[in-house]
Amino acid sequence: MSDQPPRFEPARHSRRRPYQPRPRREGQSGVEDIPSHANAGQSPASPPARNRSDNRPPAPRRHSITPVTPRDNHPAPRQQSAPPVIPPRSHHLPERARPPVSSMATTPSPPPRATRAIRPGPGARRRRSGRWLVVILIILLAWPLGLLWWANSRLQHVEALSDKPATSGTTFLLAGSDSREDGEVDDATEGARTDSILLLHRAANGQTALVSLPRDTFVEIPGVGAHKLNASYAYGGAPLLVDTVEQLTGLSIDHYVEVGMGGVREIVDAVGGVNLCLDFDVNDELSNLTWKAGCHEADGPTALAFSRMRYSDPRGDMGRQDRQRQVIGAIVKKAARPSFLLNPFSQRTAVTAGTDALRVDENANIFTLVTLARYFRAASAANLHGHPPIASYNFQPGGIGVAVKLDHERAIGFFDKLRTGNLTEADLHQVP
C-alpha cells in the first residue's frame, strides 16, 4: 500500500456531483479526511477543512478541488485558480441560437439589418382611397355651386313685372332688344325696339308651349293707344311691354328676360358655334347674311345675321321669328352637351357672355334661367311652338305703317288653351 495520500479529482463546472468521502486506510496520516455535509455543514463544492494544528488562515472558497501533495507531513497549499469567465447572457437570441463563448468574445457583432419599408395593408389603402374620394366629391360639388353663386352675382336686374294677379302656370316673356347702344349694328336707327318677342308658358298640367308674338302686331298700348307691339318697349321700356302683353294674352308674366344683339353673338361664340338650317340661298346686304341652302355651323356674327334677316325671307317677319327660335334652341342644345357641361373653362366663358348680355326681372336669379332653358327644351321636344291666329299680315290702320292683325275671335280661344295647357300643333301653325 502506498504512503501517498489519496488524490481527488477536481469537480467539473459543467457537471457537479455530491462529494463522497473515502474510508480511512491504515498507515495514512498527515491529512484529515474532508468531513461530509452532515458533520461539517458544508456543500459538496466546499473546500476540505484544514488541520487544526495548522495556523494558516483558511483558504478562500474555490470553485474546484485540486490535488494535495504532502510536504513535511503538512498539506501543500492549493493553487488558487482564477474564476472562469462567464460571458453575459445573450437575451436577444434563443437558447439554441447562442454562439459559443469563444466566438462571442472574438467575433464582432454583425451590422444591424436594414429595416424593410412597411407597405400599407389593404385597410390603410382603403382609408386613403376613401379620403381621395371625399376630396373629389367636394371639388365636384364646390365647382358648380361656386359657379352658380358667381353667375347669380353678375346678373343685371331690371324692374319689369306688374301687379296683376297671378294666373295658373308659369309664364316667361323673352324680348330681343335691337338697341344700337352696344355698337353691334351701326346704322342711323335711334332708340330701342324689341326685335323679337317670345312667350314661354308652362301650364299647371305640365304642357309647355313657345309662342312668337310678331313685333308688328297691332295692339292697344296702355296709356299710349293703338300701335305696334314693339312700340310699347320704345315708349315705356320693359314694364310697359309686360303690361301690353298681359293685356293682349290675359296671362300674368312671372319672369322677364331680355337679350341684346351683341349678346347673341357672344353667347354663340361662348358655346363654340351652333348648327343652323335654312332651305334657300340668302345674300342680304342689310343683315350681312350670306347663306347657302342647307345646314351649316354658324359662329356668333353669322348667327346674329341669321336671326336678324327678314327682307330676303319670303315669309318676312314670321320667317324671322322661326329662325330666332331656331337660334335659341341651338344654343340651349349645345350648352346641354356633356362635353360643355364638364368643361369648367367653357362654362365660365358662357356664364360671362350670358350675364353680360342678359337682363332679368327683379325676382329672377340664376335658377330662373336654368328653369327657362328646361322649359324651352320641353316645348321644342313637344313641337309646341308657333304663333297665334293671324287675320292679316298687311293691315294698314293709318299713321303707323303696315301691321299684323290677329284674328280676334280665334286668338281669345288660343290664349285660353295656352293657359289651361290644351294647345295642339294645329293651333300653333294656323295660316290666315
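In what follows, residues are counted from 1 in the order of the sequence shown.
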- prompt: Side chains of Asn394 and Ser392: is there a donor and an acceptor less than 3.5 Å apart?
  reply: no

field: Side-chain donor-acceptor contact under 3.5 Å, His201 with Thr171
entry: yes

- prompt: Salt bridge or not for Arg320 and Asp313, using N-O below 4.0 Å?
  reply: no

message: If the test is side-chain hydrogen bond (donor to acceptor under 3.5 Å, both in side chains), which one of Thr170, Asp163, Thr167 qualifies with Ser252?
response: Thr167

query: Without hydrogens or angle criteria, can the side chains of Thr355 and Gln156 be said to hold a donor-acceptor pair below 3.5 Å?
result: no

message: With no hydrogens and no angle check, just 3.5 Å: does a side-chain donor-acceptor pair link Ser287 and Arg308?
response: no

- prompt: Would Glu258 and Tyr233 count as having a side-chain donor-acceptor pair, cut-off 3.5 Å?
  reply: yes

field: Audit row: Glu246, Ser162, side-chain hydrogen bond (donor to acceptor under 3.5 Å, both in side chains) steps and yes/no
entry: CA-CA 9 Å; Glu246 287 180 341; Ser162 67; 2.7 Å; yes

query: Which pair of heavy atoms, one from Asn205 and one from Gly421, lies closest together, and at what distance?
result: ND2-O, 3.0 Å

query: If you measure from the Lys or Arg side-chain nitrogens to the Asp or Glu carboxylate oxygens, is any gap between Asp356 and Arg154 under 4.0 Å?
result: yes

message: Could you check whether Arg325 and Ser212, counting side-chain N and O atoms only, form a donor-acceptor pair closer than 3.5 Å?
response: yes

message: Applying side-chain contact (heavy atoms from CB on, under 4.5 Å) to Phe415 and Leu418, what does each step give before you reach the verdict?
response: CA-CA 5 Å; Phe415 291 121; Leu418 176 64; 4.1 Å; yes

message: I'd like to know if Asp322 pairs up with Arg310 as an ion pair, taking the criterion as any Lys NZ or Arg NE/NH1/NH2 lying under 4.0 Å from an Asp or Glu carboxylate oxygen.
response: no

statement: One should read off an interatomic distance between Asp254 CG and Thr371 OG1, to the nearest 0.5 angstrom, of 11.5 Å

query: Would you call the rings of Tyr375 and Phe172 parallel, tilted or perpendicular, where under 30° means parallel and over 60° means perpendicular?
result: perpendicular

query: Which of these passes side-chain hydrogen bond (donor to acceptor under 3.5 Å, both in side chains) with Thr208: Arg377, Arg202, His385, Arg374?
result: Arg202

query: Side-chain contact, heavy-atom cut-off 4.5 Å: Leu276 with Val274?
result: yes

